[in-house]
Amino acid sequence: MDEIRPIKTDSDHAAALREIETLWGSPVGSPQGDRLDVLATLVDAYEASRWPIEPLDPVDAIKAAMAMNGYDRAALARLIGQSRATEILGRTRPLTLPMIRKIAREWRVPEKLLVGAYTTR
């Protein structure tokens, strides 16, 4: 096995992914399993710096929760009221603290995702 080096380029990244594929399923604690763990950590770090993921704003967090859980606008309306749901999703009204608490409690969306600043129209 070659020495493990930092991932600095996209070609280094591609090579690490190829090696991870060959090591996949190696027993935990074995030399191959340890190498897999180290390579996966290096790939995660490279991908996080190369292609950072922007955090969701509160409205996008609600939309993501709706998509993941099969909720629709009517489900949000039942939770916070018809006009409020339309205004929130249309970004014409900011979320209030009672709305945030209700959405967080009922839909299990972390409150920290719902309290961030976002632009309204």
field: Any residue meeting side chain to side chain donor-acceptor pair (under 3.5 Å) with S11, in chain and number order, not counting sequence neighbours
entry: T9
Partner residues of D60 under the salt bridge (charged side-chain N to carboxylate O under 4.0 Å, His left out) criterion, sequence neighbours left out: R91
task: Without swapping roles, check the side chain of T86 against the backbone of Q82 for a donor-acceptor pair under 3.5 Å.
output: yes
message: Tell me the closest heavy-atom pair linking V59 and I88, and the distance in Å.
response: CG2-O, 3.6 Å
Name every donor-acceptor pair, under 3.5 Å, that has one atom in a side chain of residues 65-77 and the other anywhere in the protein, sequence neighbours excluded.
{"unit_1": "N69", "atom_1": "ND2", "unit_2": "A65", "atom_2": "O", "d": "2.9"}
{"unit_1": "D72", "atom_1": "OD1", "unit_2": "A74", "atom_2": "N", "d": "3.2"}
{"unit_1": "D72", "atom_1": "OD1", "unit_2": "A75", "atom_2": "N", "d": "2.9"}

- request: Just jot down the salt bridge (charged side-chain N to carboxylate O under 4.0 Å, His left out) partners of R78, sequence neighbours excluded, or say none.
  value: none
task: Compare every heavy atom of P58 with every heavy atom of G116, then report the nearest pair and how far apart it is.
output: O-CG, 3.1 Å
query: Taking a hydrophobic cluster as the set of Ile, Leu, Val, Met, Phe, Trp and Tyr residues connected by side-chain heavy atoms closer than 4.5 Å, whether directly or through intermediates, do I100 and V109 fall within one such cluster?
result: yes
message: Do L114 and L89 sit in one hydrophobic cluster, given that two such residues count as connected whenever their side-chain heavy atoms are within less than 4.5 Å of each other, even indirectly?
response: yes
message: Can you list everything that forms a salt bridge (charged side-chain N to carboxylate O under 4.0 Å, His left out) with R101? Sequence neighbours excluded, please.
response: none
query: In Å and rounded to the nearest 0.5 Å, what is the OG1 to CZ distance from T92 to R121?
result: 8.0 Å
field: Minimum heavy-atom distance between S26 and Q32, given as atom pair plus value
entry: OG-CB, 3.4 Å
- prompt: Is it the case that one hydrophobic cluster holds both L56 and I62, taking links as side-chain heavy atoms less than 4.5 Å apart, direct or via other members?
  reply: no
field: L39/L17 under side-chain contact (heavy atoms from CB on, under 4.5 Å): CA gap, chis, key distance, verdict
entry: CA-CA 8 Å; L39 286 171; L17 290 176; over 6 Å; no
field: H13 and E47: CA distance, side-chain angles, deciding distance, side-chain contact (heavy atoms from CB on, under 4.5 Å) verdict
entry: CA-CA 8 Å; H13 176 255; E47 289 175 353; 2.8 Å; yes
task: Provide the full list of side chain to side chain donor-acceptor pair (under 3.5 Å) pairs with a residue in residues 102-114, sequence neighbours left out, each pair given once.
output: none
task: Determine, for E21 against R18, whether the closest basic-nitrogen to carboxylate-oxygen distance falls under 4.0 angstrom.
output: no
- request: Might you confirm whether atom CG of L97 has over 12 heavy atoms from other residues, nucleotides or ligands at distances under 6.0 Å?
  value: yes
message: Is there a path of hydrophobic side-chain contacts, each under 4.5 Å between heavy atoms of I/L/V/M/F/W/Y residues, joining W24 to V38?
response: yes
- prompt: Would E19 and R35 count as a side-chain contact (heavy atoms from CB on, under 4.5 Å) if you check the C-alpha gap in whole Å, the side-chain angles of each, and the deciding distance to 0.1 Å?
  reply: CA-CA 10 Å; E19 185 169 354; R35 186 173 183 86; 2.3 Å; yes
- prompt: Is it true that I7 and W51 fall in one hydrophobic cluster, defined by side-chain heavy atoms closer than 4.5 Å?
  reply: yes
field: Exam field: side chain Y46 to backbone D10, donor-acceptor pair closer than 3.5 Å
entry: yes
message: Using 0.5 Å steps for rounding, measure from the CD1 atom of I103 to the CG atom of L95.
response: 5.5 Å
